[in-house]
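Notes follow the structure.
Values below: all heavy atoms of this structure, side chains included; hydrogens, waters and symmetry mates excluded.
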Amino acid sequence: HIRSLHPTSPIEIAGQVEGPLSDDLRILREEALRPRFGHFAEALQGRGQTRLMLDFSLPLKGPGEPTLAGRLDFEGAELALPAWNLNVTDLRGQLGFTLDGLNARAIKGQALGAPVTIDVERRPGGVTRVHTQGRFDVSRVAGQWPSLPLQPADGAAGFTIDVDIPSAQAASNVTGILAINSDLEGVRLDLPAPLGKTAAQKRELALRMPLGDTDDPGELEYAERLSARFDNTGKRIGVAFGKRATLPPEPGIRITGRIE
């Protein structure tokens with residue numbers, strides 16, 4: 001719709017589309033939207049039905065900036081993040097987007113066999129963060145990411161999982177990040193003192209794993225008692241007790257520190 005030709009007003013496009021989620025992701029990959037949303041849409045695969053609403057304005061001449069307001073309604077759809085080996089099913093809620101980025105609050109779904117709540121927000125530096133909260137059984141987490149050292153753990157606890165997805169506008173040295181945090185209340189750790197704990201005790205666990213083609217090490221911190229650094233092949237691992245670990249320069253496992 002063009003309100004006026006003299007003077008020329010912006011072209012305005014408004015509409016609503018119901019159909020497969022895969023079609024909505026394809027729209028976000030189109031040339032006009034790719035610079036802002038292509039990084040997010042390309043990281044995802046989708047199935048199920050959704051409703052997409054768009055309100056777009058594009059100046060044809062003279063001053064003015066394009067505007068965009070959109071909303072994607074999830075009604076039981078499924079999203080997969082193949083690079084992160086993570087699927088979220090039975091999604092219900094709304095994902096909003098403008099030319100400033102994506103945003104969502106309290107989208108509901110199922111992941112790792114448990115109910116989850118998902119927020120999406122734009123972060124500094126051209127990064128979109130998908131923030132997921134849920135109470136997960138550690139056996140499901142270990143099964144999803146076998147490289148995590150969770151063999152001595154048993155039980156379920158509240159976890160937050162953050163996935164940072166850099167856009168094409170992000171600096172070249174900015175990589176994707178998977179971060180997992182928990183106080184481990186409800187999880188028993190069958191380890192010697194001072195690392196072991198009962199299910200009732202709280203111990204802060206923080207895991208940070210760079211994603212994609214990068215030499216940045218992964219990091220694990222456990223209750224100021226244990227620290228670890230590991231490369232993306234798992235061939236170089238540094239472990240430290242009571243202090244911050246460093247990554248060894250050669251393949252192997254290096255253990256430092258002192259247990260009291």
Subject >> Verdict with supporting geometry, Glu224 and Lys243, salt bridge (Lys or Arg N to Asp or Glu O under 4.0 Å) >> reply: CA-CA 7 Å; Glu224 298 183 350; Lys243 64 178 184 178; over 6 Å; no
Original post:
Should His131 and Glu121 be marked as a side-chain contact (heavy atoms from CB on, under 4.5 Å) after you check the CA-CA gap, both sets of side-chain angles, and the distance that decides it?
Top reply: CA-CA 8 Å; His131 176 78; Glu121 63 177 351; 5.9 Å; no
Original post:
Would one find more than 12 heavy atoms of other residues, nucleotides or ligands at under 6.0 Å from atom CZ of Arg47?
Top reply: no
Original post:
Quick check: does any side chain N or O of Lys197 sit under 3.5 Å from a backbone N or O of Val187, one acting as donor and the other as acceptor?
Top reply: yes
**OP:** Indicate yes or no for a side-chain donor-acceptor contact from Ser182 to the backbone of Gly158 under 3.5 Å, with no hydrogens or angles considered.
**Re:** yes
Original post:
In terms of side-chain heavy atoms, does Glu221 have a donor or acceptor partner in Ser227 at a distance below 3.5 Å?
Top reply: yes
Which atom pair, heavy atoms only, marks the closest approach of [X] to [Y]?
X      : Y      : value
Pro248 : Gly238 : CD-N, 3.5 Å
Tyr222 : Leu189 : OH-CD1, 3.3 Å
Ser22  : Gly46  : CB-O, 3.9 Å
Glu185 : Ala157 : O-CB, 3.3 Å
Phe97  : Arg71  : CE2-N, 3.8 Å
Arg105 : Asp119 : CA-OD1, 3.3 Å

**OP:** Test Thr89 against Glu78 for side chain to side chain donor-acceptor pair (under 3.5 Å), laying out the working first.
**Re:** CA-CA 4 Å; Thr89 62; Glu78 176 180 349; over 6 Å; no
Original post:
Is the shortest heavy-atom distance from the side chain of Arg229 to the side chain of Arg236 under 4.5 Å?
Top reply: no
**OP:** Taking the side chain as every heavy atom from C-beta outward, state whether Arg122 and Thr128 have any pair of such atoms under 4.5 Å apart.
**Re:** yes
**OP:** Could you check Asp162 against Ile177 for side-chain contact (heavy atoms from CB on, under 4.5 Å), going step by step and ending with a plain yes or no?
**Re:** CA-CA 8 Å; Asp162 289 328; Ile177 298 291; over 6 Å; no
Original post:
Does the pair Ile161 and Leu178 meet the rule for a side-chain contact (heavy atoms from CB on, under 4.5 Å), with working shown?
Top reply: CA-CA 7 Å; Ile161 302 174; Leu178 170 67; 3.6 Å; yes
Subject >> Criterion side-chain contact (heavy atoms from CB on, under 4.5 Å) against Arg188, the qualifying member of Leu184, Asp190, Leu191 >> reply: Asp190
**OP:** Apply the side-chain contact (heavy atoms from CB on, under 4.5 Å) test between Arg254 and each candidate in Val239, Thr246, Ile237; give the one that qualifies.
**Re:** Thr246
Subject >> Basic-acidic side-chain contact under 4.0 Å: Lys202, Glu204 >> reply: no
Original post:
Is there a side-chain contact (heavy atoms from CB on, under 4.5 Å) between Arg51 and Gln16 once you walk through the steps?
Top reply: CA-CA 7 Å; Arg51 180 184 299 110; Gln16 174 177 308; 3.5 Å; yes
